[in-house]
Amino acid sequence: QVHVVESGGGLVQAGDSLRLSCAASGDTAGSSVMAWFRQAPGKEREFVAATRLNGDLTLYGDSVKGRFTISRDNAKKTVYLQMTFLQPEDTAVYYCGARPGSVIYRSADWWPTWGQGTQVTVSS
């Protein structure tokens with residue numbers, strides 16, 4: 001069984017940067033693919049970025065491409081989301097997801113493990 005815990009959210013101003021962390025524990029095989037999603041009030045959970053265990057594939061959502069960077073430290077079982085040029089529309093609860101295998105799904109429905117989420121608020 002895999003558990004993930006997010007940290008690093010907060011209140012920032014437009015144009016600022018922020019780094020989120022997601023620490024995984026438990027069965028490593030269950031977190032071979034890790035991702036960040038976000039959910040704003042009244043909206044569906046949106047794919048942000050994902051990466052495979054060996055880092056050979058990373059994918060980004062269109063709305064964050066070029067501004068956000070996902071990375072992972074396998075020794076620490078931690079994945080990071082570096083967010084730059086934040087905008088008010090980036091305001092959401094950011095969730096870390098984990099799944100076994102090697103396929104990266106953009107739909108939240110295919111991710112069996114979630115953290116509790118961390119709030120990111122960007123003021124204009």
Side-chain angles (χ1 to χ4, degrees):
Q1 193 172 4
V2 178
H3 297 280
V4 294
V5 178
E6 306 95 334
S7 62
L11 172 63
V12 297
Q13 293 185 333
D16 284 352
S17 299
L18 198 62
R19 190 178 79 158
L20 305 181
S21 299
C22 173
S25 60
D27 181 11
T28 301
S31 61
S32 58
V33 187
M34 296 185 72
W36 288 98
F37 285 74
R38 66 186 183 186
Q39 190 165 18
K43 295 188 176 181
E44 294 187 352
R45 195 164 292 192
E46 176 192 11
F47 175 80
V48 174
T51 182
R52 290 206 293 223
L53 178 69
N54 56 12
D56 67 337
L57 178 64
T58 57
L59 296 177
Y60 293 94
D62 290 341
S63 61
V64 305
K65 201 174 296 184
R67 297 188 300 124
F68 291 10
T69 302
I70 189 171
S71 62
R72 65 190 296 166
D73 184 333
N74 289 331
K76 296 182 179 179
K77 295 185 178 181
T78 299
V79 65
Y80 304 97
L81 184 69
Q82 180 67 48
M83 305 183 292
T84 62
F85 301 106
L86 284 161
Q87 299 301 312
E89 51 267 34
D90 295 315
T91 295
V93 178
Y94 283 70
Y95 294 93
C96 177
R99 62 167 289 108
S102 61
V103 179
I104 294 178
Y105 293 97
R106 292 178 180 265
S107 170
D109 294 342
W110 293 95
W111 296 80
T113 299
W114 294 99
Q116 82 289 346
T118 185
Q119 177 71 46
V120 173
T121 303
V122 185
S123 63
S124 57

Taking side chain as C-beta onward, heavy atoms only, is Tyr80 less than 4.5 Å from Asp73?
-> yes

Over all atoms of both residues, closest heavy-atom pair of Val4 and Ala98 | CG1-CB, 4.1 Å

Kindly give the heavy-atom pair with the smallest separation between Arg72 and Thr51, and that separation in Å.
-> NH1-O, 3.4 Å

State, to 0.1 Å, how close Gly101 and Ser32 come at their nearest heavy-atom pair, and which atoms those are.
-> O-OG, 2.6 Å

Side chains of Asn74 and Leu53: closer than 4.5 Å at any heavy-atom pair?
-> yes

Should Gln119 and Thr91 count as side-chain neighbours, where that means a heavy-atom distance under 4.5 Å?
-> yes

Do Val120 and Arg38 have side chains that get closer than 4.5 Å, going by heavy atoms?
-> no

In chain order, what residues pass the side-chain contact (heavy atoms from CB on, under 4.5 Å) check against Ser25, with sequence neighbours excluded?
-> His3

Those residues that, when tested against Tyr105, pass ring-ring contact (aromatic ring centres under 6.0 Å, His included) (two or more places apart) | Trp110

Looking at side-chain heavy atoms only, is the closest gap between Cys96 and Val79 below 4.5 Å?
-> yes

Tell me, do Val12 and Met83 make a side-chain contact under 4.5 Å, heavy atoms counted?
-> no

Would you indicate whether the side-chain heavy atoms of Glu46 and Ser63 approach each other to under 4.5 Å?
-> yes

So disulfide bond (SG atoms under 2.5 Å apart) across residues 23-53, not counting sequence neighbours, yields none

Verify same cluster id: Ile104, Leu81 (apolar side-chain graph, 4.5 Å) | no

Just do the side-chain hydrogen bond (donor to acceptor under 3.5 Å, both in side chains) check on Gln82 and Thr84 with the steps written out, would you?
-> CA-CA 7 Å; Gln82 180 67 48; Thr84 62; over 6 Å; no

From Arg106 atom CZ to Leu59 atom CG, the distance as rounded to the nearest 0.5 Å = 5.0 Å

Contacts of Arg45 meeting salt bridge (Lys or Arg N to Asp or Glu O under 4.0 Å) (sequence neighbours excluded), chain-then-number -> none

With sequence neighbours excluded, residues passing ring-ring contact (aromatic ring centres under 6.0 Å, His included) with Phe37 | Phe47, Trp111, Trp114

Return the minimal non-hydrogen interatomic distance between Pro100 and Val33, and the atom names on each side.
-> O-CG2, 4.4 Å

Ignoring hydrogens and angles, tell me if any N or O in the side chain of Tyr60 forms a donor-acceptor pair with the backbone of Ile70 under 3.5 Å.
-> yes

With a cut-off of 6.0 Å (strictly less than), are more than 12 heavy atoms of other residues, nucleotides or ligands near CD of Gln116?
-> yes

Gln39 vs Tyr95 side-chain heavy atoms within contact, under 4.5 Å = yes

N/O donor-acceptor pairs under 3.5 Å from side chains in residues 13-24, not counting sequence neighbours:
residue: Asp16; atom: OD2; partner: Gln13; partner atom: N; Å: 3.0

Do side-chain atoms of Glu6 reach the backbone of Thr118 as a donor and acceptor pair under 3.5 angstrom?
-> no

Say whether, by atom type as modelled, one donor and one acceptor occur between the side chain of Arg52 and the main chain of Ser102 under 3.5 angstrom.
-> yes

